[in-house]
Asker: 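Before I ask anything, here is the structure I am working with.
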Amino acid sequence: MVIMKKYIAEMVGTMVLVLMGCGSAVFAGSAAGEVSAGVGTLGVAFAFGLSVVAMAYTIGGISGCHINPAITLGVFLSGRMSGKDASMYMVFQVIGAIIGSAILFALVSTGSHGGPTATGSNGFADGQMVHAFIAEAVFTFIFVLVVLGSTDSKKGAGAFAGLAIGLSLVLIHIVCIPITGTSVNPARSIGPALFQGGAALSQLWLFILAPFVGAAFSAIVWKTIGSGEQTA
């Protein structure tokens, strides 16, 4: 039962991330300047970041608040969790993202929305696949590196880790939203793509593979620079 609590916490946390983050784009966003009214790119960026901060201090003590398969992969490759736990975390994260997307779909279907998207799905323009892959891999690398560093038991930020992680996600979204809508999180991309279909679904592979590549490099780099005793 204790183990299931961790998985359920990851599911709820990911649901909140998708509902609030993608929801900000759906109902109030103007990502990449496509809508004249709304909270804009900065507002959407803060919605994602603040969702992470809120969940970090809500479920962090239960599951560690990964709410992102890329983070889970980075933590696993860093030797901080078992393969079984990592797999189950990812499964429940995807379930949570689908639930969050289903709620958004129900809201859009029964009402209206004022943003540039009906689901908050990720995507890239024709001929921009390499551009998008590099962006998602590099920004995920940075994000997961922040997570690994700030949550390190000896060198981490302690109680401030959630704030550091959330603010880094805000920063990443500010830069990456005009490129791909910002994923850096396979679960966050899977949920909306299932309801959007079309190009979002056909391009989904990139928003799964690129974040995993970035996360793997983060684990390698952190194990290199974060190991051993700190020197003056």
Side-chain angles (χ1 to χ4, degrees), residues 6 10 13-14 17-18 21 45 48-49 51-53 55-56 59-60 63-94 96-97 122 124 130-158 160-177 179-190 204-231:
K6 296 192 298 184
E10 286 295 306
T14 312
L17 175 68
V18 171
F48 274 100
S51 296
V52 169
V53 172
M55 288 299 98
I59 65 171
S63 68
C65 189
H66 295 188
I67 60 177
N68 181 340
I71 291 176
T72 298
L73 178 64
V75 173
F76 166 67
L77 293 177
S78 298
R80 299 186 192 178
M81 71 187 306
S82 68
K84 177 186 176 183
D85 264 350
S87 298
M88 292 301 290
Y89 266 45
M90 291 181 188
V91 168
F92 277 82
Q93 288 158 0
V94 171
N122 297 112
F124 53 88
V130 175
H131 182 57
F133 192 98
I134 292 172
E136 287 293 329
V138 170
F139 289 124
T140 305
F141 166 80
I142 295 170
F143 184 45
V144 175
L145 191 63
V146 171
V147 173
L148 295 177
S150 62
T151 59
D152 188 86
S153 59
K154 295 181 179 179
K155 306 177 179 68
F160 292 101
L163 189 59
I165 294 166
L167 289 177
S168 70
L169 189 60
V170 172
L171 180 61
I172 286 167
H173 273 76
I174 290 172
V175 181
C176 196
I177 281 176
I179 302 173
T180 62
T182 311
S183 172
V184 301
N185 182 338
R188 170 259 181 274
S189 294
I190 291 171
L204 181 58
W205 66 270
L206 185 145
F207 299 103
I208 296 173
L209 180 59
F212 279 157
V213 170
F217 275 103
S218 289
I220 294 170
V221 170
W222 181 251
K223 287 178 74 173
T224 301
I225 67 176
S227 60
E229 295 297 322
Q230 186 174 1
T231 58

Asker: Taking side chain to side chain contact (heavy atoms under 4.5 Å, CB included) as the criterion, tell me which of Val146, Leu148, Ile142 meets it with Val144.
Answerer: Leu148
Asker: Closest heavy-atom contact between Thr151 and Val147?
Answerer: OG1-O, 2.5 Å
Asker: Minimum heavy-atom separation for Ala56 to Gly162, with atom names?
Answerer: CB-CA, 3.7 Å
Asker: Can you tell me how far the CG atom of Leu204 sits from the CG atom of Asn122, to the nearest 0.5 Å?
Answerer: 8.5 Å
Asker: Let me see the working for Phe133 and Val130 under side chain to side chain contact (heavy atoms under 4.5 Å, CB included), right down to the final yes or no.
Answerer: CA-CA 5 Å; Phe133 192 98; Val130 175; 5.6 Å; no
Asker: Decide yes or no for Phe207 and Asn185: does some side-chain heavy atom of the first lie under 4.5 Å from some side-chain heavy atom of the second?
Answerer: no
Asker: Would you say Tyr89 and Val75 make side-chain contact, with heavy atoms under 4.5 Å?
Answerer: no
Asker: When rounded to the nearest 0.5 angstrom, what distance separates CD1 in Ile208 from OG in Ser189?
Answerer: 7.5 Å
Asker: Once rounded to the nearest 0.5 Å, what's the spacing between atom CZ of Phe76 and atom OG of Ser87?
Answerer: 7.5 Å
Asker: Side chains of Leu169 and Ile165, heavy atoms from C-beta outward: is any pair under 4.5 Å?
Answerer: no
Asker: Taking NZ, NE, NH1 and NH2 as the nitrogens, is one of them in Arg80 or Asp152 under 4.0 Å from a carboxylate oxygen of the other?
Answerer: yes
Asker: How close do Ala132 and Ile179 get, counting heavy atoms only, and between which atoms?
Answerer: CA-CG2, 4.4 Å
Asker: Side chains of Met81 and His66: does their closest heavy-atom pair fall under 4.5 Å?
Answerer: yes
Asker: Would you name the heavy atoms of Ala187 and Ala97 that are closest together and state the gap between them?
Answerer: O-CB, 3.0 Å
Asker: Between atom CG of Leu73 and atom OG of Ser78, what is the distance when rounded to the nearest 0.5 Å?
Answerer: 9.0 Å
Asker: Would you list the pairs meeting side-chain hydrogen bond (donor to acceptor under 3.5 Å, both in side chains) in which at least one residue belongs to residues 131-143, sequence neighbours left out?
Answerer: Glu136-Thr180
Asker: Would you say the side chain of Pro211 lies within less than 4.5 Å of the side chain of Val184, judging by non-hydrogen atoms?
Answerer: no
Asker: Measuring only between side-chain heavy atoms, which start at C-beta, is Phe212 closer than 4.5 Å to Pro186?
Answerer: yes
Asker: Counting only N and O atoms by type, is there a donor-acceptor contact under 3.5 Å from the side chain of Lys155 to the main-chain atoms of Gly149?
Answerer: no
Asker: Rounded to the nearest 0.5 Å, what separation is found between the CD1 atom of Ile67 and the OG atom of Ser51?
Answerer: 7.5 Å
Asker: Going by the angle between their ring planes, with limits at 30° and 60°, are His173 and Phe48 parallel, tilted or perpendicular?
Answerer: parallel
Asker: Check whether any side-chain N or O of Arg188 sits under 3.5 Å from a backbone N or O of Thr182 as a donor-acceptor pair, and report yes or no.
Answerer: yes
Asker: Side chains of residues 213-223: which donor-acceptor partners sit under 3.5 Å, not counting sequence neighbours?
Answerer:
unit_1 : atom_1 : unit_2 : atom_2 : d
Ser218 : OG     : Phe141 : O      : 2.5
Ser218 : OG     : Gly214 : O      : 3.2

Asker: Find the distance between CG (Leu17) and CD (Glu10) and round it off to the nearest 0.5 Å.
Answerer: 11.0 Å
